[in-house]
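These notes are about the structure you will find just below.
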Number of protein chains: 2
Amino acid sequence: MRNKATLIYNDLLQKIEQEVYPLGSYLPSENQLCELYGISRETGRKALASLAENGYIQKIRGKGSLVIEHRQYEFPVSGIVSYQELAHQLGIQTRNEVVGFNPNAQLPAHRFTIVEPTVTVAPVTAIKRVRVINGEPAIIDKDYLLKSVVPTIPKTAAETSLYAYLEGQLGLQIAYATKEITMEPANEEDREYLQLDKGAYMAVVRSMTSLADARPFQYTESRHRADKFRFRDFARRQKRG
Amino acid sequence: MRNKATLIYNDLLQKIEQEVYPLGSYLPSENQLCELYGISRETGRKALASLAENGYIQKIRGKGSLVIEHRQYEFPVSGIVSYQELAHQLGIQTRNEVVGFNPNAQLPAHRFTIVEPTVTVAPVTAIKRVRVINGEPAIIDKDYLLKSVVPTIPKTAAETSLYAYLEGQLGLQIAYATKEITMEPANEEDREYLQLDKGAYMAVVRSMTSLADARPFQYTESRHRADKFRFRDFARRQKRG
DNA sequence: CAGTGGTCTAGACCACGAA
DNA sequence: TCGTGGTCTAGACCACTGG
């Protein structure tokens with residue numbers, strides 16, 4: 001952990017989860033946090049702002065920082081948190097079958113450019129995985145990773161955790177992702193891998209992930225059995241202009 | 001607009017959308033923002049932090065604030081932005097049919113309590129609306145609003161914009177919402193109002209909305225035709241502990 | 001009235017990128 | 001080396017809540 005605000009964020013979060021600060025109670029006031037942690041007020045406020053942003057507290061003027069019901073991750077959530085991290089957090093029985101691995105695939109380049117594409121196709125590593133939850137195949141993940149960013153990927157990384165390899169081994173800084181959720185009829189591949197009937201529906205999550213230097217490097221299509229899909233979100237209302 | 005950071009946020013956002021700062025370009029540096037707007041650096045940083053949080057820019061150390069592809073809202077998005085606000089932003093032909101209005105309904109109280117419920121049911125106003133997009137009925141919205149917070153709702157408010165009434169007329173401060181997206185088979189009501197075949201699927205968004213003082217006051221079930229549903233999101237990766 | 005959070009400032013030191 | 005963003009500080013003034 002790099003900075004004081006993050007340290008305090010993590011400490012407060014842990015204490016919320018351990019119910020040192022239970023639901024409906026107030027965190028120590030900002031001035032108290034200054035003394036408790038030996039920090040300035042603005043630093044403490046950054047930690048509180050993150051907790052509020054993520055739905056753990058609601059700050060109420062004149063009163064304090066109230067602990068509110070935070071969304072617990074429910075499986076499967078798709079996005080910027082790696083599958084293995086989620087499974088570990090939730091203590092879920094999960095298995096990971098690599099059913100396709102092509103280190104020399106191509107993808108239309110426009111997906112990976114933030115302005116105008118200069119070439120038409122981009123070399124990628126293509127990985128296809130089936131996620132088995134509690135013995136039942138529930139998700140097909142198709143990942144395409146730019147070879148210009150990640151030249152080689154060992155198959156073992158695909159079998160364990162791709163993000164652990166990218167961040168831990170290669171030191172890449174994964175920063176943000178855009179994702180889109182739609183509902184689509186199951187295709188033949190879906191029905192085969194997930195053992196579904198004709199007429200079944202899928203929740204499809206398509207996402208593009210970028211590094212800290214804003215280079216998009218990973219395109220993912222994640223296809224979920226409709227009856228196993230649940231997505232939870234927390235949102236704050238923008239201040240009106 | 002209350003504070004300088006929000007003013008600057010809005011100004012920069014407008015200039016991004018008008019391509020004064022186009023995709024792939026850099027915003028003025030933090031020191032330049034200080035001079036441009038006559039503010040301190042931390043104030044400008046708060047504006048930039050909001051832009052980054054919402055996916056408009058990526059801050060790169062040693063370089064600057066890069067304008068990146070931001071998710072444009074695509075219809076229908078459900079959550080903390082009102083339907084009418086979205087429709088207006090997108091310039092979409094939309095109509096709103098109130099097909100149910102019960103000012104004396106009841107809902108299990110546990111939905112509205114953040115700790116232990118003390119009573120079993122809560123008086124609510126129940127509103128059922130069908131959203132017609134480009135002449136086609138696409139969404140059924142069922143809203144339940146706590147009467148202890150909003151005692152009376154004129155039917156005209158349901159016909160135009162509920163949020164305009166709550167915020168503009170009553171001065172309520174809507175602060176945050178949790179939502180959950182699932183996929184479910186269409187029920188009889190869905191098929192009737194949206195003219196669907198048997199076997200059709202729905203995207204169902206259930207959300208609980210709360211005020212600035214953390215009182216939950218509105219429960220909504222929003223049922224979307226599967227083929228019209230699209231949800232877009234932007235997420236940043238948490239700094240690892 | 002005292003305590004809470006909300007905003008803003010001016011300045012300091014650091015880490016990173018480009019030339 | 002210089003300009004960029006990243007972090008942190010100490011202090012100020014304001015607005016709201018509650019006794």
Side-chain angles (χ1 to χ4, degrees), chain A residues 1-12 21 25-53 56-68 171-173 175-176 211-215 236-240, chain B residues 1-12 21 25-53 56-68 171-173 175-176 211-215 236-240:
Chain A
M1 320 177 194
R2 302 159 192 79
N3 58 48
K4 292 189 184 181
T6 306
L7 277 168
I8 293 160
Y9 172 91
N10 286 328
D11 191 60
L12 290 173
Y21 306 125
S25 72
Y26 285 91
L27 297 186
S29 77
E30 295 184 350
N31 285 323
Q32 288 172 330
L33 289 179
C34 295
E35 291 191 6
L36 276 173
Y37 294 100
I39 53 168
S40 72
R41 196 170 147 222
E42 282 288 6
T43 300
R45 281 179 60 76
K46 282 175 187 167
L48 294 177
S50 297
L51 288 170
E53 184 65 37
Y56 294 103
I57 63 171
Q58 173 69 3
K59 305 192 78 179
I60 305 177
R61 180 158 22 188
K63 302 184 83 172
S65 297
L66 179 67
V67 179
I68 61 178
L172 295 181
Q173 288 185 279
Y176 62 91
L211 300 174
D213 61 7
R215 279 181 297 167
R236 287 191 172 272
R237 183 153 170 84
Q238 291 274 36
K239 287 175 188 167
R240 303 293 108 186
Chain B
M1 319 180 198
R2 302 158 194 81
N3 59 46
K4 292 189 182 179
T6 307
L7 277 167
I8 293 161
Y9 172 90
N10 286 329
D11 191 62
L12 290 173
Y21 306 125
S25 73
Y26 284 90
L27 297 185
S29 76
E30 295 183 352
N31 285 323
Q32 288 171 330
L33 290 178
C34 295
E35 290 190 8
L36 277 173
Y37 293 100
I39 52 168
S40 72
R41 194 170 150 225
E42 282 288 5
T43 299
R45 281 179 60 76
K46 281 175 189 168
L48 295 177
S50 297
L51 288 170
E53 184 66 36
Y56 294 103
I57 62 170
Q58 173 70 3
K59 305 192 77 179
I60 305 178
R61 185 169 4 199
K63 301 184 82 171
S65 297
L66 179 68
V67 179
I68 61 177
L172 294 180
Q173 287 186 280
Y176 62 91
L211 301 173
D213 61 7
R215 278 181 296 167
R236 287 191 172 273
R237 182 152 170 86
Q238 292 273 37
K239 287 175 190 165
R240 300 295 107 184

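Below, read A as the first sequence line, B as the second, and so on, with proteins coming before strands; counting in each chain starts at 1.
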Specify the closest pair of heavy atoms between [X] and [Y], including all atoms of both residues, with the distance to one decimal.
X	Y	result
A:Asp213	B:Ile60	O-CD1, 3.6 Å
B:Ile57	B:Arg236	O-NH2, 2.9 Å
B:Tyr21	B:Tyr26	CD2-O, 4.4 Å
A:Cys34	A:Ser40	SG-C, 3.8 Å

Taking [atom1] from [X] and [atom2] from [N], how many angstroms apart are they, rounded to a whole number?
X	N	atom1	atom2	result
B:Asp213	C:dG6	CG	P	14 Å
A:Glu35	D:dT9	CD	P	14 Å
A:Ile60	C:dG5	CD1	C1'	11 Å
A:Asn31	D:dT9	CG	C1'	14 Å
A:Ile8	D:dT9	CD1	C1'	13 Å
A:Leu27	C:dG3	CG	P	19 Å
B:Ile57	D:dG6	CD1	C1'	14 Å
A:Glu30	D:dC16	CD	P	16 Å

Subject >> Close approaches to DNA chain D from residues 36-52 of chain B, in residue order (heavy atom, under 4.0 Å) >> reply: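 Of all residues in residues 36-52 of chain B, the ones placing a heavy atom under 4.0 Å from DNA chain D are B:Arg41, B:Glu42, B:Arg45.
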
**OP:** Look only at the side chain of B:Asn10 and the backbone of B:Thr6, and say whether a donor-acceptor pair between them is shorter than 3.5 Å.
**Re:**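 Yes, B:Asn10 side chain to B:Thr6 backbone: donor-acceptor pair under 3.5 Å.
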
Subject >> Pairing residues for B:Ala212 by the side chain to side chain contact (heavy atoms under 4.5 Å, CB included) criterion, not counting sequence neighbours >> reply: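 A:Gln58, B:Gln173, B:Ala175.
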
**OP:** For the side chain of B:Ser29, starting at C-beta, report the closest nucleotide among C:dG5, C:dT9, D:dT4.
**Re:**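 Given the options C:dG5, C:dT9, D:dT4, the side chain of B:Ser29 is closest to D:dT4.
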
**OP:** Give a yes/no on whether any side-chain N or O of A:Lys59 is located under 4.0 angstrom from OP1 or OP2 of C:dT4.
**Re:**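 No.
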
**OP:** Return no unless some side-chain N or O of A:Lys63 is found under 4.0 Å from OP1 or OP2 of C:dG5.
**Re:**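 Indeed not, no polar side-chain atom of A:Lys63 lies that close.
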
Original post:
Between B:Gln32 and A:Ala5, who's closer to the 5' end of DNA chain D by nearest nucleotide?
Top reply: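 Final value for this comparison: B:Gln32.
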
**OP:** Look up atom CG in B:Asp11 and atom CD1 in B:Ile8, then write down how far apart they are to the nearest 0.5 Å.
**Re:**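 Those atoms lie 8.0 Å apart.
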
